[in-house]
**Student:** 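Here's a structure for you.
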Amino acid sequence: MKERFDFVKGQLNMQETPEDPSVLLDAWLKNAQAKGISEYQAMVVATSDRKNQVSTRVVYLRDIIADGLVFYTNFNSKKGLDIETNCDVAINLFWKELEQQIRIQGAIKKVNPDVSDAYFRERPRESQIGAWASDQSKEIPNRDYLEKQLIRYQKEFDGGPVSRPEHWGGYIVVPHYFEFWQGRKSRLHDRICYSKKKDVWTKRRLAP
Ligand SMILES: Cc1cc2nc3c(=O)[nH]c(=O)nc-3n(C[C@H](O)[C@H](O)[C@H](O)COP(=O)(O)O)c2cc1C
């Protein structure tokens, strides 16, 4: 645990960063994809419950709609219940190969059901049935129970189209804060953050 790395892959100049952070988010995502970063869409999402206990988990960023980040999940899961009590969430994307981190804070809400329907239709059949079979985040007796649930729903849909369960769909995180972090030499990293007030983004540089 004591290895030390130096960060030398890039830099962030205030003058070269766009006024709109979603432009930079898009550019960084496209770059990560082009560079073949594995799981570049995997992002940590933090939520908190009614006792203010924070929890995190990885989900896949699936789309960006009107500058909001979309992921899909079970609305009755632990995260879904947290979101019902507190719509303030945080996101973290980290790509070690690029020495880049993006931190986002924002408000989360469900996407329009049509958007969830369209995405659900594109999913492989196994995943569609999985959405019915898994009561995400609930305690189950054993693995066998899960596999039986899968068989139950396979029979129920009997080769026909699988409808989207109402408890499964997309959330969109609408950011009001971004931080773009680029690792630099000797721990003098670049950090440019954006805050939104009254629809206007303000940029600042933070000390590493
Ligand atoms: C790489 C990766 C991607 C994942 N993508 C998703 C996802 O898109 N949606 C989802 O519900 N869970 C996804 N998971 C599983 C979640 O991390 C988590 O176990 C699950 O959503 C239950 O979280 P919760 O109990 O906090 O609600 C992913 C896990 C990993 C490791």
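Because the structure is predicted, anything quoted here is derived from the model rather than measured. Ligands are counted one by one from 1 in listed order, and the atoms in each one are counted from 1 as well.
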**Student:** Quick test of your reading of the structure: of Asn74, Thr47, Val58, whose heavy atom lies closest to atom 16 (C) of ligand 1?
**Tutor:** Val58
**Student:** Just to confirm my output: which protein heavy-atom neighbour is closest to atom 12 (N) of ligand 1, and how far is it?
**Tutor:** Gln136 NE2, 3.9 Å
**Student:** Please state which protein non-hydrogen atom is closest to atom 26 (O) of ligand 1 and give its distance, to 0.1 Å?
**Tutor:**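 In this structure, atom 26 (O) of ligand 1 has Arg57 NE, 2.7 Å as its nearest protein heavy atom.
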**Student:** Counting non-hydrogen protein atoms only, what is the nearest one to atom 6 (C) of ligand 1? Give residue, atom name and distance.
**Tutor:** Val59 CA, 3.5 Å
**Student:** Between Asp82 and Arg50, does any NZ, NE, NH1 or NH2 come within less than 4.0 Å of an OD or OE carboxylate oxygen?
**Tutor:**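 Asp82 and Arg50: not salt-bridged.
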**Student:** Which residue and atom name correspond to the protein heavy atom nearest atom 3 (C) of ligand 1, and how close is it?
**Tutor:**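 Result for atom 3 (C) of ligand 1: Tyr60 CE1, 3.4 Å.
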**Student:** Run the numbers for me: atoms of ligand 1, each under 4.0 Å from some heavy atom of Thr73, listed by number.
**Tutor:** 10 (C), 11 (O)
**Student:** Of Gln105, Arg204, Lys203, which is the lone residue that meets side chain to side chain donor-acceptor pair (under 3.5 Å) with Ser195?
**Tutor:**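 By the side chain to side chain donor-acceptor pair (under 3.5 Å) criterion, Ser195 pairs with just one of Gln105, Arg204, Lys203: Arg204.
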**Student:** Inspect the contact between Lys35 and Glu97 and indicate whether a charged nitrogen and a carboxylate oxygen are less than 4.0 angstrom apart.
**Tutor:**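 Salt bridge between Glu97 and Lys35, a charged N being under 4.0 Å from a carboxylate O: no.
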**Student:** Decide if the gap between the ring center of Tyr72 and the ring center of Trp168 is smaller than 6.0 angstrom.
**Tutor:**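 Here the rings of Trp168 and Tyr72 have centres that are less than 6.0 Å from each other.
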**Student:** Is Lys109 close enough and on-axis enough to Tyr171, meaning under 6.0 Å and within 45°, for cation-pi?
**Tutor:**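 Geometry flag: not set, cation outside 6.0 Å or 45°.
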**Student:** Side chains of Asn76 and Gln136: is there a donor and an acceptor less than 3.5 Å apart?
**Tutor:** no
**Student:** Pull out every atom of ligand 1 sitting under 4.0 Å from any heavy atom of Tyr72, numbered as shown with elements.
**Tutor:** 7 (C), 8 (O), 9 (N), 10 (C), 11 (O)
**Student:** Please report the C-alpha distance between Phe178 and Trp201 in whole Å, then the side-chain angles of each, then the deciding distance to 0.1 Å, and finally whether the ring-ring contact (aromatic ring centres under 6.0 Å, His included) criterion is met.
**Tutor:** CA-CA 10 Å; Phe178 281 87; Trp201 287 105; 5.6 Å; yes
**Student:** Pull out every atom of ligand 1 sitting under 4.0 Å from any heavy atom of Ser137, numbered as shown with elements.
**Tutor:**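 The atoms of ligand 1 under 4.0 Å from a heavy atom of Ser137 are 22 (C), 24 (P), 25 (O), 27 (O).
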**Student:** Look at atom 19 (O) of ligand 1 and say whether a protein heavy atom is found at less than 4.0 angstrom from it.
**Tutor:**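 So atom 19 (O) of ligand 1 lacks protein heavy-atom neighbours under 4.0 Å.
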**Student:** Measure from atom 22 (C) of ligand 1 to every heavy atom in Lys79, Lys78, Lys138 and give the option owning the shortest one.
**Tutor:**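 Heavy atom nearest to atom 22 (C) of ligand 1 belongs to Lys79.
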